[in-house]
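The sequence lines fix the lettering, A, B, ..., with proteins before strands; numbering per chain opens at 1. Keep in mind it's a predicted model, so treat the numbers as computed, not measured.
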Amino acid sequence: MSEELSELLKVRRDKLAEIRAAGINPFPYTYEKTHTAAEISAEYKENDEVSIAGRIMTKRGHGKASFAHLQDETGRIQIYCRQDIIGEAKYEIYAKLDIGDIIGVKGHIFKTKTGETTVKVADFTILCKSLHPLPEKWHGLQDKELRYRERYVDLMVNAEVREVFKKRSRIVSLIRHSLENKGFLEVETPILHVLQGGAAAKPFETYHEALDMPLFMRIAPELYLKRLVVGGFEKVFEMGRVFRNEGISYKHNPEFTIIEIYQAYADYNDVMRLTEELITTAAKEVLGTLEIEFKGEKISLALPWKRITLVDALKEYGIEIEGKSEKEIQELAVAKGLKDYAKASAGKIINVLYDKYVEANLRQPTFIIDHPLATSPLAKKHRSKEGYVERFELIIAGMELANAFSELTDPIDQLDRFESQAEAKAAGDDEAESMDEDFLRALEYGLPPTGGVGIGIDRLVMLLTNQPSIRDVLLFPHMKPLPRSKPSEAETEILA
RNA sequence: GACCCGGUAGCUCAGCUGGUAGAGCAUCUGCCUUUUAAGCAGAGGGUCAUGAGUUCAAGUCUCAUCCGGGUCACCA
């Protein structure tokens, strides 16, 4: 708190003191409400007695009477308070209430001249004195920085924002229930990892004091979930937060929510169908349609979704790599202006070319399938194509929504892949997988044929709620701290 | 990390080629017992993100820094 309070803050603190001086607790403990705003609007009956509670969002005083709107989680309801009903002393307190205060109201329902269902205040109780003024009633809170930093205000004032997060909750719930109905078991695996693995990404590092050891925040739950399939859980999934130490953009936040699903005795074709089903079911239930609009663009989620191999997708954008040797592909990279990749592996170059020339152009739902072996260390070799794996990525509106494989189940092959990853790591690739001996041991016990998929929940929610940035579907997106806040002791210690 | 745009009252925004800061809402005072962007009359409220510089004079021009947004790069 700054020493110098602005006039507006001072006024509210003075009012708080007045309330206390009048012997009223401005922060009481409970309140018994009988109705919500939505219930009253829907089941309106003249003269019904109700008890409601909510935040004052508008206020119109008329001398000895006053209108206001209370907002609860379900919506707004008008209240009408008259001095001759509640008495002079109480009305004086009522008149001093501010927009933003939370009150409970008991009274009878009536309809005003203009036909609005309204509660006539017989009694009211202050439930929380608000000390900050709310944003303007007409324009609300627009400033993006403030909206993200003070999401609580954003939610109070912007109904559309509340809707987005309600939809997010429904989407998550629908996916969870779809999987439960199919016999999948929801599990939780460690978030603090000893090794870096399960995805190509840079982890956040942390430290366990008592054990005196470094730890990584997980970048994916993949390797633990496959251990569970080894253990005999044939259908498992985990929905949870993962952490990746990379840049921030409209589709990247350092922590995000992923759902990973593993099904024994299935391959990537099965998992592709499952992915289609989960997403279209959620879309139908939440939006009532598969024809959606995202950032002004029409996208059809109607099945079936296009499937095309990565090599063919490149060909569609004028990049021919079929039958080319590694050397020729390196030359192609240089010709395309990717000078840094003159000595990279063919697989790496193919991925970069794909990222650069193909992905952003894929607008309608598309499964890109059969990726190069070199960049897919956890995927099973393709059953018929040398040098490729059985893998797909789902792209919608230029965003990667899902990534999946026929999981690599051969422990000898997995060891080879880890060894190549170790070489890459030694050569400076800080996203390479760690050698995970326990995971290899699990595979040696035997992982049945398994299909696995990871779906980015935040991006899916963006798509289904037509939100242009991942920040708009995260309640508290990552923000740099403002300069005035001084670092905590812990931060000072770490930075020292 | 590079480039572009932005930061002015609690909120939403004006502020021209440099001349000393404005509106609406909100707040305060008075009037007002069916209003709803209530109304009428009056008042208060600003380190113009921060710090330097140019200038007689800077919200405005220059540089640096911070925060945010966007594009690209990085990135599954």
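- Here the shortest heavy-atom pairing between A:Met156 and A:Gln71 reads O-NE2, 2.8 Å.
- Comparing A:Thr375 and A:Arg471 along RNA chain B, the residue whose closest nucleotide (by nearest heavy atom) sits nearer the 5' end is A:Arg471.
- A:Tyr341 does not carry A:Lys348 over the face of its six-membered ring by the limits of under 6.0 Å from the centre and within 45° of the normal.
- Nucleic acid contact class of A:Glu359 (heavy atoms, under 4.0 Å, all strands): none.
- The CG atom of A:Asp472 sits 15 Å away from the P atom of B:G68 (whole-angstrom rounding).
- When the P atom is compared between B:U47 and B:A9, the two are found 9 Å apart, to the nearest whole Å.
- Contact check of residues 239-261 of chain A against RNA chain B (heavy atom, cut-off under 4.0 Å) returns A:Arg244, A:Glu246, A:His252.
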Checklist outcome for this item: Expected string for nucleotides 22-28 of chain B under the B/S/- scheme (protein heavy atoms, under 4.0 Å, primed atoms plus P, OP1, OP2 as sugar-phosphate) is --BBSSS
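- Under the 6.0 Å distance and 45° angle rule, A:Arg168 does not count as a cation-pi partner of A:Phe165.
- Going from atom CG of A:Asp154 over to atom C1' of B:G10 covers 16 Å, rounded to whole Å.
- Taking 3.5 Å as the limit, the base of B:U34 and the side chain of A:Glu116 contain no donor-acceptor pair of atoms between them.
- Residue A:Arg149 contributes atom CZ, which lies 17 Å from atom C1' of B:C11 at whole-angstrom precision.
- Classified by interplanar angle (parallel below 30°, tilted 30° to 60°, perpendicular above 60°), the ring pair A:Phe110/A:Tyr80 is tilted.
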